[in-house]
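Side-chain atoms are counted along with the backbone in the values below, which use heavy atoms only and exclude waters and symmetry mates.
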Amino acid sequence: MQFRLDQLSKNILRDFFVLVGAAETEVEVPAGDAQRIDVWHVPDPELLRAHPEIEPGLLRSMAAEAGMVEVFSAAPDTAEFHDCLRKRYQWHHTLELRAERRLDLPSAWLVSAGRPDGVLRDFGFVQDAAGPEGLYAAPAPGWRIRTVVIAELPRVRGTVLLRLLGSPRVRRAALRDLAALPEEAWERRVALPWLVRLSFEVPEELLPGLPSEERDFIMETREWYEQWNARRMQEAKEAEERAQLRGHELGLQRGHELGLQRGHELGLQRGHELGLQRGQLQMAARLCAIRLGRPLTEAETTALAERLERLHEGRVGEVVLSFSADALAGWLADSNAT
């Protein structure tokens, strides 16, 4: 379970950074032993300016400059802190060799579910006056290291994605805050696919053996998704009923020409077909838009309708929930996709 939670943390952070630049997880650092950076990101100033909805605050500060992010499910100790420094210096050296010139030292962010008292004390970290409670900076700016203590972050919208990476208690509160955001909130687009995937990846038979807070988090995530999906289904049903009514009206109109009874039957049949198709398309398009972080283009909507007709709703749902945003966009663009 902890592996799945660690992957959840990295995927959410990566997908946030992808909104405003380039990012990847598990970046291998060339060295004598195996080292991997949890998340490495490089900002694109144009993309950052194009997303004013990401309010000024901790996440926007993290995204403003190239850097590495290391995520800890428990408070790191001194040895783990030194491991992070070693990775950063080795990665910096690798980047300079590739660029064949001197480069600025990348920033480093340590994101910890708990408070690493020893590290904060022994290395002189202090509360960052420019940041929220829970953000600590090294005593000299040249170190370019900050530590985020998730348990101490304020319960505000600007911290909700980071709080999803915290302890079970903090994650559950963050999940409720996320669910309370508007349907179109960008935070929901980033986190929802991964939360849903995690909640349904855990086999049912393993749930009783999980710690109660982790089990409750899984169950609350499922409940939230099922409620959200029920609303989408209701919208699809209402769309179907409207299409049936329209089909009935069209059938009656045509029935005056072909015969009232036959027209009525054709209208009901066609209305039912159109309603089902439109309802499925509407729901699938909403899920795709959440995954892509943007509305579908006209061509993508047409392609999605073709996939629903050719591959059916089950396959389309599997693709939307399991593919990355880039892979989903490629799947929609590929006329031969299966």
Side-chain angles (χ1 to χ4, degrees), residues 6 9-31 35-49 51 54-72 75-99 101-113 115-116 119-120 122-150 152-153 158-159 161-163 165-166 190:
D6 289 344
S9 300
K10 296 171 189 177
N11 289 333
I12 287 176
L13 282 175
R14 181 200 57 210
D15 281 9
F16 161 69
F17 288 122
V18 164
L19 289 177
V20 293
E24 53 186 316
T25 60
E26 299 291 336
V27 177
E28 186 171 353
V29 179
Q35 300 180 91
R36 293 184 183 275
I37 296 171
D38 284 349
V39 183
W40 167 253
H41 67 93
V42 179
D44 181 330
E46 291 296 326
L47 285 177
L48 197 58
R49 284 192 290 271
H51 284 279
I54 303 175
E55 63 185 44
L58 182 51
L59 275 175
R60 199 171 181 93
S61 297
M62 292 175 70
E65 57 182 357
M68 57 181 277
V69 182
E70 296 293 308
V71 185
F72 296 91
D77 58 22
T78 299
E80 290 171 311
F81 179 73
H82 281 299
D83 286 342
C84 290
L85 295 182
R86 179 163 54 92
K87 273 194 286 190
R88 180 171 67 152
Y89 291 134
Q90 184 63 44
W91 181 237
H92 181 223
H93 178 62
T94 298
L95 294 175
E96 289 191 327
L97 289 177
R98 293 176 181 174
R101 61 185 176 87
R102 290 291 187 181
L103 299 173
D104 291 338
L105 186 68
S107 63
W109 295 80
L110 278 61
V111 179
S112 174
R115 180 182 173 87
V119 170
L120 297 179
D122 296 344
F123 294 91
F125 280 87
V126 295
Q127 173 70 42
D128 191 324
E133 185 178 356
L135 176 63
Y136 295 87
W143 281 99
R144 297 173 60 78
I145 303 174
R146 288 179 176 80
T147 298
V148 178
V149 181
I150 298 174
E152 298 178 3
L153 292 175
T159 66
L161 289 185
L162 288 168
R163 288 185 286 115
L165 321 184
V190 168

S.K.: Does the side chain to side chain contact (heavy atoms under 4.5 Å, CB included) test come out yes or no for V69 and D38, once each step is laid out?
M.R.: CA-CA 6 Å; V69 182; D38 284 349; 5.7 Å; no

S.K.: What heavy-atom pair brings V148 and L135 nearest, and what distance separates the two atoms?
M.R.: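 The pair with the smallest heavy-atom distance is CG2-CD1, 3.8 Å.
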
S.K.: When you compare the side chain of L47 with that of L19, does any pair of heavy atoms fall below 4.5 Å?
M.R.: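 Result no, sub-4.5 Å side-chain heavy-atom pair not found.
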
S.K.: What heavy-atom pair brings F123 and H82 nearest, and what distance separates the two atoms?
M.R.: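 Smallest interatomic distance, heavy atoms only, reads CZ-NE2, 3.7 Å.
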
S.K.: Show the nearest heavy-atom pair for residues S112 and A75, with the distance to one decimal.
M.R.: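 S112 and A75 have their closest heavy atoms at OG-CA, 3.5 Å.
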
S.K.: Do F81 and I145 have side chains that approach each other closer than 4.5 Å (heavy atoms only, starting at C-beta)?
M.R.: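 Heavy-atom side-chain distance check passes, below 4.5 Å.
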
S.K.: At what distance, to the nearest 0.5 angstrom, does CG of D83 lie from CZ of R86?
M.R.: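 Here the interatomic distance stands at 5.0 Å.
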
S.K.: Assess the residue pair I54 and F16 against the criterion (side chain to side chain contact (heavy atoms under 4.5 Å, CB included)); give the C-alpha distance rounded to whole Å, side-chain angles, the decisive distance to 0.1 Å, and a yes or no.
M.R.: CA-CA 10 Å; I54 303 175; F16 161 69; 3.8 Å; yes

S.K.: Determine the minimum heavy-atom distance between R88 and A108, stating which atoms define it.
M.R.: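 Between these two residues, the closest heavy atoms are CD-CB, 3.8 Å.
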
S.K.: Side-chain contact test, heavy atoms from C-beta onward, threshold under 4.5 Å: evaluate it for M62 versus V111 and give yes or no.
M.R.: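 Contact flag for M62/V111 side chains = yes.
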
S.K.: Ring-plane angle category for H41 and F17, please: parallel below 30°, perpendicular beyond 60°, tilted otherwise.
M.R.: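 Geometry flag for F17 against H41: parallel rings.
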
S.K.: Are side-chain heavy atoms of I150 and F72 found at a separation under 4.5 Å?
M.R.: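 No, side chains not in contact.
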
S.K.: Examine distances only and state if a side-chain atom of E152 and a backbone atom of E133 form a donor-acceptor pair shorter than 3.5 Å.
M.R.: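 Not confirmed, E152 side chain does not pair with E133 backbone.
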
S.K.: Apply the test side chain to side chain contact (heavy atoms under 4.5 Å, CB included) to residues E55 and R60: give CA-CA distance (whole Å), side-chain angles for both, the deciding distance (0.1 Å), then the verdict.
M.R.: CA-CA 7 Å; E55 63 185 44; R60 199 171 181 93; over 6 Å; no

S.K.: Mark yes or no for whether E80, through its side chain, and D77, through its backbone, hold a donor-acceptor pair below 3.5 Å.
M.R.: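 Yes, because the side chain of E80 sits within donor-acceptor range (under 3.5 Å) of the backbone of D77.
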
S.K.: Do L105 and W143 have side chains that approach each other closer than 4.5 Å (heavy atoms only, starting at C-beta)?
M.R.: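 Not touching, per the 4.5 Å side-chain cut-off.
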
S.K.: Checking R14 side chain against V39 main chain: does a donor-acceptor pair fall under 3.5 Å?
M.R.: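 Here the side-chain-to-backbone pair does not exist.
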
S.K.: Any side-chain heavy atom of T78 sitting closer than 4.5 Å to one from P116?
M.R.: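 Sidechains of P116 and T78: no contact.
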
S.K.: What's the spacing between L13 CG and E70 CD if we round to 0.5 Å?
M.R.: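 The CD atom of E70 is 11.0 Å from CG of L13, to the nearest 0.5 Å.
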
S.K.: Judged by atom type as modelled, is there a donor-acceptor pair below 3.5 Å linking the side chain of T147 to the main-chain atoms of W109?
M.R.: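 The answer is no, because no donor-acceptor pair under 3.5 Å joins these two groups.
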
S.K.: If you measure from CD on E28 to CD on E26, what distance do you get to the nearest 0.5 Å?
M.R.: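 The CD atom of E26 is 10.0 Å from CD of E28, to the nearest 0.5 Å.
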
S.K.: Return the CE to CZ distance between M68 and R36, rounded to the nearest 0.5 Å.
M.R.: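 So the CE of M68 and the CZ of R36 are separated by 14.0 Å.
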
S.K.: I'd like to know if the side chain of E65 reaches the main chain of P43, judged simply by a donor and an acceptor atom lying under 3.5 Å from each other, with no hydrogens or angles considered.
M.R.: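 No, E65 side chain to P43 backbone: no donor-acceptor pair under 3.5 Å.
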
S.K.: Can you name the closest pair of heavy atoms from L48 and A64 and give their distance?
M.R.: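 Nearest heavy atoms, L48 then A64: CD2-CA, 4.2 Å.
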
S.K.: Got a second to check how far S9's OG is from L161's CG, nearest 0.5 Å?
M.R.: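 That separation rounds to 11.0 Å.
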
S.K.: Do other residues, nucleotides or ligands put more than 12 heavy atoms under 6.0 Å from H51 NE2?
M.R.: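 Yes - once you tally the heavy atoms of other residues, nucleotides and ligands closer than 6.0 Å, there are more than 12.
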
S.K.: Nearest 0.5 Å, what's the CG-CG distance between L153 and L165?
M.R.: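 If I round to the nearest 0.5 Å, the distance is 9.5 Å.
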
S.K.: Over all heavy atoms of both residues, which pair between D128 and A137 is shortest? Give the atoms and the distance, please.
M.R.: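 Distance-wise, the nearest heavy atoms are OD2-CB, 3.9 Å.
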
